[in-house]
Amino acid sequence: MNRLTIGFDAKRIVANATGLGSYGRTLVNSLSAADSGCDLLLYAPSTGRDDLRSQVAEGPHTRFVYPDGHPCRLRRDWWRTRSITRDLLRDGVDIFHGLSGELPLGLRHTGIKGVVTIHDLIFMRHPEYYRSADVMIYKWKFRQACLNATRIIAISQRTRDDIVELGHVSPDRISIIYQSCSPRFSATPDPEAASEARRRYRLPDHYILSVGTIEPRKNVMLACEALLHLPDTSLVIVGRRTPYADKVEQYCRRHGLSHRVMMLSGVDDAMLAAIYQCADVFVYPSRYEGFGIPIIEAVQCGLPVVAAKGSCLEEAGGPDNLYVDPDNGAEMAEAIRQMMPGAEFRDSRIRRSREYVRRFERGDVARQVLDIYRSI
């Protein structure tokens, strides 16, 4: 079979440490390692962060492409949105994959096939979490992506259902391909890394862990409420702060929890797996997600999970983790208690959950994405 040239929107790959960035870096590395018979061109508006860009293994068939010269921010944004199509034609790109829900305007008029990954439609399902102007922009980008896409990838059944319902897209155009996470989370625990994480971040001896942006939708306040019923443990929250973090801190001060709740922002990405591995239980009380990759990371690190009902988190974590009402702190506390070290069935739950998440391993995801490229 002739080699395909695949272009990718790599903005998030070089700029986002978690979430969309992790998805892009993991997928590209998986495709590169699979000897896919494809040339992979990563179109980024700038070089971004060295520590993130270096996580992608460049080689003879994988390289970054940037706009000519040193354009200002406005020109870089225009290049990514529109004028990039000239570079795609110049480079002989067969398929362009929008990794974060966007495709260049006018792509369908170039003859280049478009694939877009839609992670979630939270801005349509729960617009209250966004500024109204952002909701309008995100809706427009979503509809343009659907218009320009030959094929749409949804990262979960929940996201597929939202695309069909809210975007009025035929289900025949959508493939469900789950996310995978970096192999470092399933690696054998490194005692030295664990010791370094405990020392560097002054981690408690026993703690519940939550990972994700500290914002209202992620609902980490529920985990703080659960601490009121769990006197012998602490909570470590890893994620970017928003004004919601101040409200969480105020709640903790009012209820005498400040000494048991730690917020860590700007954590070294290389230390994240060790922070997971040092925890007792992982909690993810988010009110709505497109998938919930931190759950997969936690399970692969050997942690039991307590998450919220109501979106797709059961789909990510499987039947052997526990799911609770996102407004019931006592229920979350009881579920955490059932998952703590020494609890009955904890070890068997962890073992079966690890078996469940094998469906999200990198090689299988890469094969499914390659099948889509070849089919179009």
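With hydrogens and angles ignored, the 3.5 Å screen pairs a side-chain donor or acceptor of Arg198 with a backbone N or O of Pro204. Checking side-chain atoms of Thr110 against main-chain N and O of Ile112 turns up a donor-acceptor pair under 3.5 Å. Remark: side-chain polar atoms of Arg53 are paired, donor with acceptor, to backbone N or O of Thr47 under 3.5 angstrom. Under the 3.5 Å distance criterion, the side-chain polar atoms of Asp39 are left unmatched by any main-chain donor or acceptor of Leu41. Looking only at distances, no side-chain donor or acceptor of Asp9 sits under 3.5 Å from a matching main-chain atom of Leu99. Counting only distance, with no hydrogens or angles, the side chain of Ser265 and the backbone of Val238 share no donor-acceptor pair below 3.5 Å.
Ring geometry for Tyr43 against Trp79 counts as tilted: the plane angle lies between 30° and 60°, on a 0 to 90° scale. Using bins of under 30°, 30° to 60° and over 60° for the plane-to-plane angle, the ring pair Phe282/Tyr276 lands in the tilted bin.
Using a 4.0 Å cut-off between a side-chain N of Lys or Arg and a carboxylate O of Asp or Glu, Glu249 and Arg241 qualify as a salt bridge. Ionic pairing of Glu165 and Arg125 is present here: one or more N-O contacts between side-chain nitrogen and carboxylate oxygen are shorter than 4.0 angstrom. Between Arg374 and Asp94, none of the side-chain N atoms (NZ, or NE/NH1/NH2) sits under 4.0 Å from a carboxylate O, so this pair counts as no salt bridge. Salt-bridge check for Lys11 with Glu102: failed, with every basic side-chain N at 4.0 Å or more from each acidic carboxylate O. The pair Glu289-Arg217 counts as a salt bridge, with a side-chain nitrogen and a carboxylate oxygen less than 4.0 angstrom apart. Salt bridge status for Arg351 with Asp347: absent, with no side-chain N to carboxylate O gap under 4.0 Å.
Stacking of Arg359 on the aromatic ring of Tyr356 is recorded, both the 6.0 Å distance cut-off and the 45° axial limit being met.
Between the side chains of Gln250 and Asp246, no donor N or O sits under 3.5 Å from an acceptor N or O. Side-chain contact annotation: Asp162 with Tyr288, donor-acceptor N/O pair under 3.5 Å present. With no hydrogens or angles considered, no side-chain donor-acceptor pair links His119 and Thr159 at under 3.5 Å. Side chains of Tyr178 and Glu315: a donor on one and an acceptor on the other come within 3.5 Å.
Aromatic pair Phe291/Phe360: centroids less than 6.0 angstrom apart.
Membership of the apolar cluster around Leu105 extends to Trp140, as traced through chained side-chain contacts below 4.5 Å between ILVMFWY residues.
Considering only residues two or more places apart in sequence or on other chains, Gln55 meets the side chain to side chain contact (heavy atoms under 4.5 Å, CB included) condition with Arg25, Leu52, Asp269. Partners of Arg260 by salt bridge (Lys or Arg N to Asp or Glu O under 4.0 Å), not counting sequence neighbours: none found.
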